[in-house]
Amino acid sequence: MNKEEIGSILEKQRNFLASGTTLDIDYRIGILKKLRSLILSHEEELIEALGRDFHKPRFEVLGTESRFVIAELNLMIRNVRRWSRKKKVRTSIANFPAGSYVMPQPYGQVLILSPWNYPFHLAMMPVMSALAAGNCVVLKISQKVPETGKVIAKITGKFPRELIAMIDGDHSLTAYLLDHSFDYIFFTGSTDVGKIVMTKAARNLTPLTLELGGKNPCVVAADAKLNYAARRIAMGKFINAGQTCIAPDYLLVDDKIRERFLELLKAEIRKFYGSDPENSTDYCRMINAAKAGKMESYIKNAKIISGGKTDTVNCYVEPTLITGVTPDDPVMKEEIFGPVLPVISYSDFSEVYSIIARNPKSLAAYIFTTNRKLAREFLAKTQSGSAAVNDTIMQIASPHLPFGGIGPSGIGRYHGKKSFETFSNMKSVMVKSNLVDIPVRYPPYTALKEKLLKLLLK
């Protein structure tokens with residue numbers, strides 16, 4: 001697709017928005033239902049495509065991609081009519097007599113830039129949310145998942161381009177799109193690219209959501225239920241071969257239970273993927289050889305507790321536990337985004353906070369403990385976009401929990417109702433009565449008016 005063709009699509013979308021078609025709630029619901037039907041009819045193709053792109057297991061495609069999206073779609077279809085209604089709010093006495101309400105209104109033309117790690121989920125979730133709110137969408141997906149991209153193109157191709165336009169091309173087209181004046185931008189990806197997107201958006205004062213990442217700490221306290229902790233950490237870390245923005249990035253384990261816990265963790269990894277995960281149909285691959293090579297560089301500079309086998313040509317990295325890392329090692333300064341898990345011991349819980357504070361605010365934080373007071377303290381003393389006590393990554397599966405980062409890990413929230421609100425301008429409206437016009441606010445100002453003003457603004 002060339003820039004001239006993109007320019008034509010963008011212009012057609014503007015004209016389509018001006019027609020007011022997307023303001024019709026029945027139209028929006030029809031679009032969402034059609035999208036649901038198309039996803040279900042292409043689900044097997046999607047499973048095969050993700051298998052070819054990076055060996056993604058069928059169960060993970062269903063649980064983290066297609067059916068995850070379907071569940072959110074069903075929620076939107078059931079609720080979008082109610083969410084779209086104006087909501088009455090109280091009117092201050094200073095504005096009496098009047099009525100006030102908040103009116104959801106589409107932003108207009110939305111640009112969605114999606115990543116490769118959950119390519120269907122992280123493209124379709126914002127797309128359907130933007131459509132539910134009455135916007136038109138321009139979608140640019142990662143070129144690292146060409147097979148999945150073909151399936152997404154089939155699905156989006158069933159809609160008029162004036163409503164959804166999927167742009168296929170290299171990074172130069174992304175740069176071209178970012179120079180265009182959109183009404184909203186939604187980006188999921190790395191912090192470094194997020195900075196570029198935010199800089200581009202600032203030139204046009206375009207509002208945006210950034211879903212980024214970070215080094216998510218995971219703490220195992222001495223009083224944790226260790227068998228559950230081992231199982232839930234292994235799942236959260238090694239699903240999608242660790243290529244998950246909210247995966248535990250490093251483990252902080254109390255000295256007193258370290259050896260026992262690590263044996264349990266290694267046992268869970270074997271249960272999940274067998275003695276040789278390379279032969280497991282349930283274990284994903286790295287997206288490309290370069291990413292596998294990055295994991296290899298982390299492993300060779302550390303002491304291996306478990307795993308460590310790599311085959312960069314075939315993008316394979318075994319689930320690996322390492323220790324002996326220092327704060328200055330690259331593995332402790334960068335988001336790992338792969339199946340390598342550093343393990344750090346602590347003897348006093350105050351050490352946990354000092355280690356976490358070395359890195360910017362993360363997208364997620366986890367603690368395993370049966371001590372409710374300690375859990376509350378941890379949640380209060382650490383800053384992250386989301387958190388979970390006695391589990392990992394599953395907070396993302398609740399549509400009732402707005403998902404997003406803080407600071408370097410992201411800006412904005414979505415999922416469930418929050419997705420609809422993210423892509424809506426929540427317009428504040430006041431309707432003044434003409435029955436009476438109280439003269440307090442008008443000149444000339446007098447001492448009596450000043451007294452009344454103070455009473456009104458208490």
Side-chain angles (χ1 to χ4, degrees), residues 57 59-60 63-64 117 213-274 277 280 282-284 295 298-299 302 304-308 317-323 325 331-332 335-346 349 351-352 355-356 359 362-371 374-375 378-379 382 384-398:
F59 185 90
E60 290 185 18
T64 67
N117 60 322
K215 294 195 71 63
N216 308 313
C218 183
V219 181
V220 182
D223 64 349
K225 188 156 186 175
L226 298 185
N227 56 338
Y228 285 7
R231 190 177 308 143
R232 292 168 184 176
I233 290 169
M235 186 281 290
K237 177 61 181 180
F238 299 114
I239 190 173
N240 209 42
Q243 298 165 114
T244 305
C245 58
I246 55 171
D249 193 88
Y250 58 98
L251 273 185
L252 299 167
V253 183
D254 192 302
D255 268 333
K256 293 188 285 294
I257 49 92
R258 180 183 186 276
E259 295 308 317
R260 185 155 53 101
F261 174 73
L262 288 178
E263 287 305 312
L264 289 169
L265 185 56
K266 288 187 281 186
E268 290 298 337
I269 295 170
R270 285 194 298 272
K271 285 179 188 175
F272 288 0
Y273 308 116
S280 172
D282 296 325
Y283 188 59
C284 198
M295 297 304 111
Y298 291 147
I299 294 168
I304 297 172
I305 301 172
S306 174
V317 179
E318 187 177 7
T320 302
L321 308 177
I322 62 172
T323 189
V325 297
V331 74
M332 288 306 296
E335 181 182 10
I336 295 170
F337 219 67
V340 177
L341 185 59
V343 180
I344 301 168
S345 301
Y346 69 88
F349 206 85
E351 296 172 51
V352 166
I355 292 169
I356 292 173
N359 289 298
S362 59
L363 187 56
Y366 305 109
I367 184 169
F368 286 80
T369 179
T370 55
N371 185 328
L374 180 61
F378 178 82
L379 294 174
T382 57
S384 58
S386 67
V389 178
N390 296 323
D391 208 347
T392 64
I393 79 169
M394 292 304 293
Q395 71 273 22
I396 199 172
S398 172

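In this text, all values refer to a predicted model and were calculated from it rather than measured experimentally.
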State the [atom1]-[atom2] distance between [X] and [Y], to the nearest 0.5 angstrom.
X	Y	atom1	atom2	result
Arg258	Ser345	CZ	OG	4.0 Å
Thr323	Ile304	OG1	CD1	11.5 Å
Ile393	Ile239	CD1	CD1	4.5 Å
Ile336	Thr320	CD1	OG1	10.5 Å
Leu265	Arg270	CG	CZ	10.0 Å
Leu251	Leu321	CG	CG	7.5 Å

Residues which pass salt bridge (charged side-chain N to carboxylate O under 4.0 Å, His left out) with [X], listed by chain and number, not counting sequence neighbours:
X	value
Glu268	Arg231, Lys271
Lys225	none
Arg232	none
Glu351	none

Query raised in the report: What pairs with Asp254 under side-chain hydrogen bond (donor to acceptor under 3.5 Å, both in side chains), at least two apart in sequence or on another chain?
Result: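 Partners of Asp254 by the side-chain hydrogen bond (donor to acceptor under 3.5 Å, both in side chains) criterion, ordered by chain and then number, come out as Lys256.
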Decide yes or no for [X] and [Y]: does some side-chain heavy atom of the first lie under 4.5 Å from some side-chain heavy atom of the second?
X	Y	answer
Val389	Phe378	no
Val220	Ile233	yes
Ile356	Tyr250	yes
Cys284	Phe238	no
Ile355	Pro217	no
Tyr366	Ile246	yes

Identify the two heavy atoms, one from [X] and one from [Y], that lie closest to each other, and give their separation to 0.1 Å.
X	Y	result
Ser386	Ser384	O-OG, 2.7 Å
Ala364	Gln395	CB-NE2, 3.8 Å
Pro319	Ile269	CB-CG2, 3.8 Å
Phe337	Cys245	CE1-N, 3.6 Å
Asn216	Ser362	OD1-CB, 3.5 Å
Glu318	Gly308	OE1-N, 3.6 Å

Please identify each residue that fulfils side-chain contact (heavy atoms from CB on, under 4.5 Å) with [X], with sequence neighbours left out.
X	value
Asn371	Asp223, Thr369, Lys373, Leu374
Val325	Ala302, Ile322, Asp329, Val331, Met332, Pro342, Ile344
Leu264	Leu226, Ala230

Check ring pair (Phe, Tyr, Trp, His ring centres under 6.0 Å) between [X] and all other residues, then give those that pass, not counting sequence neighbours.
X	value
Tyr283	Tyr273
Phe272	none
Tyr298	none

Query raised in the report: Which pairs pass salt bridge (charged side-chain N to carboxylate O under 4.0 Å, His left out) with one or both residues in residues 237-251, sequence neighbours excluded?
Result: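 Counting only pairs at least two positions apart or across chains, the salt bridge (charged side-chain N to carboxylate O under 4.0 Å, His left out) contacts touching residues 237-251 are Lys215-Asp249.
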Query raised in the report: Do the side chain of Gln243 and the main chain of Asn240 share a donor and acceptor less than 3.5 angstrom apart?
Result: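 Here the side-chain-to-backbone pair exists.
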